[in-house]
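In what follows, a single structure is set out as structure tokens and then discussed.
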Amino acid sequence: MSSPVTHEGEVLPFAHTAEAVHAWVHGWSASRGAAEPAPSAWGFTIDVGLSGHVMRHVLPAADEATVRKITERTTAPGVWLKAFVPPETLEPWLAPGWHLAGGAGYLMSAPLPVAPTRAPGSVPEGYRMDTWTRDGVTRALVRTADGAFAARGQIAVTGHSAVVDQVETDRAHQRRGLGRLVMHGLTEAAAAQGATAGVLGATPEGRALYETTGWRVLAPLTSALRGPDPH
């Protein structure tokens with residue numbers, strides 16, 4: 001039996017990283033309204049259906065032979081590959097026509113409800129936050145008093161796990177606690193729906209926010225794209 005995933009003595013809510021990846025794949029698909037993930041011997045394929053993101057392959061345990069095989073046989077643009085290895089490991093495995101995209105990333109998790117290392121506080125003066133849930137996805141939206149966008153995020157509950165997704169704070173409204181406010185609202189809503197384990201994919205900037213709200217890194221998360229980067 002696998003040992004629990006730990007971080008500096010803390011026991012995290014998944015038995016092993018592969019379990020967290022499984023939760024992330026299914027919750028991300030629900031959050032984005034994508035197709036149900038199709039399992040394979042090496043991981044999952046998800047039909048997303050966007051022009052710059054037609055589908056994605058997710059490899060919980062990537063190796064050179066598998067990455068090379070997948071990327072050599074995929075020649076259409078707009079296909080993404082996600083692997084839980086550092087960028088410098090993944091890049092040499094890619095076939096011609098593929099490149100790293102999106103920068104370094106991290107798979108992170110936390111037990112729900114999250115015990116933040118820094119209290120989220122109340123809604124700052126001059127802002128309001130609204131939340132709503134539809135088809136298992138809860139969204140939080142922070143606006144200014146005159147209705148301008150300030151911050152947002154969403155969380156998808158699938159069984160006992162929940163995936164935080166698309167957390168964003170407008171540059172003009174950063175460093176005011178809005179990101180922590182959104183994370184607190186989302187995870188509290190997921191816990192109220194019965195979720196006990198949270199997982200998310202983070203950028204380096206996002207990681208800094210999430211660690212202050214009680215999340216911990218499980219593994220690196222690197223993206224590759226066939227064709228030009230839509231960003």
Side-chain angles (χ1 to χ4, degrees), residues 1-32 34 37 39 43-44 46 56 58-62 80-87 89-90 102-120 136-140 152-168 179-223:
M1 180 179 294
S2 300
S3 299
V5 177
T6 62
H7 175 88
E8 298 180 352
E10 300 177 53
V11 177
L12 299 181
F14 296 100
H16 42 74
T17 301
E19 183 182 1
V21 172
H22 183 278
W24 180 65
V25 166
H26 285 79
W28 184 92
S29 298
S31 175
R32 301 297 178 96
F44 302 91
I46 306 168
R56 63 165 51 185
V58 183
L59 284 67
W80 288 73
L81 183 144
K82 303 282 182 173
F84 301 89
V85 296
T89 299
L90 182 63
Y106 307 93
L107 184 72
M108 304 183 71
S109 75
L112 299 182
V114 181
T117 57
R118 190 186 306 170
V137 180
T138 298
R139 291 173 170 83
R152 66 165 180 168
Q154 58 197 62
I155 193 166
V157 175
T158 55
H160 293 294
S161 62
V163 172
V164 175
D165 189 26
Q166 295 193 314
V167 175
E168 173 189 2
R180 291 193 301 276
L181 178 69
V182 166
M183 289 293 293
H184 180 73
L186 293 176
T187 55
E188 287 290 305
Q193 296 174 58
T196 58
V199 63
L200 57 81
T203 63
E205 296 78 12
R207 174 183 176 177
L209 163 66
Y210 303 137
E211 287 183 330
T212 68
T213 58
W215 294 70
R216 298 293 178 258
V217 172
L218 291 180
L221 172 55
T222 302
S223 302

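In what follows, residues are counted from 1 in the order of the sequence shown. Both backbone and side-chain heavy atoms feed into the values below; hydrogens, waters and symmetry mates do not.
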Considering residues at least two apart in sequence or located in another chain, which fulfil the side chain to side chain donor-acceptor pair (under 3.5 Å) criterion with T187?
none
Min side-chain heavy-atom separation W28-V58 under 4.5 Å
no
E188: side chain to side chain donor-acceptor pair (under 3.5 Å) partners, not counting sequence neighbours:
none
With a 4.5 Å limit on heavy-atom distance, are the side chains of F84 and L221 in contact?
yes
List in chain and number order the residues that pass side chain to side chain donor-acceptor pair (under 3.5 Å) with S31, two or more places apart in sequence or in another chain; answer none if no residue qualifies.
Q154, D165
To the nearest 0.5 Å, what is the distance between CD1 (I155) and CZ (R139)?
12.0 Å
Can you find a heavy atom in the side chain of H16 that is under 4.5 Å from one in the side chain of E19?
yes
Set of residues satisfying salt bridge (charged side-chain N to carboxylate O under 4.0 Å, His left out) with respect to E168, sequence neighbours excluded
R152
The reported gap from OH in Y210 to OG1 in T203 (rounded to nearest 0.5 angstrom) is 6.5 Å
Would you please name every residue forming a side chain to side chain contact (heavy atoms under 4.5 Å, CB included) with A23, sequence neighbours left out?
F14, S161, V199
Of all residues at least two apart in sequence or in a different chain, which pass the side chain to side chain contact (heavy atoms under 4.5 Å, CB included) check with P37?
V25, H26, S29, F44, I46
Testing the basics here: between A162 and V157, what is the closest heavy-atom pair and its distance to 0.1 Å?
CB-CG2, 4.0 Å
By side chain to side chain contact (heavy atoms under 4.5 Å, CB included) - contacts of L90 (at least two apart)
V67, L81, A83, V85, W93, L94, L100, T222, A224
Return the minimal non-hydrogen interatomic distance between T158 and A30, and the atom names on each side.
CG2-CB, 4.1 Å
State, to 0.1 Å, how close G198 and L112 come at their nearest heavy-atom pair, and which atoms those are.
N-CG, 3.7 Å
Nearest atoms (heavy-atom pairs only) where W24 meets G201
NE1-N, 3.6 Å
Suppose we screen for salt bridge (charged side-chain N to carboxylate O under 4.0 Å, His left out). Which residues come up paired with R56, at least two apart in sequence or across chains?
none
Of all heavy-atom pairs linking L200 and V164, the shortest is CB-O, 3.6 Å
Mind listing the closest non-hydrogen atom pair of A197 and P13 along with its distance?
CB-CB, 3.6 Å
Would a 4.5 Å heavy-atom cut-off, applied to side chains only, mark Q166 and R32 as touching?
yes
Provide the full list of salt bridge (Lys or Arg N to Asp or Glu O under 4.0 Å) pairs with a residue in residues 190-209, sequence neighbours left out, each pair given once.
R207-E211
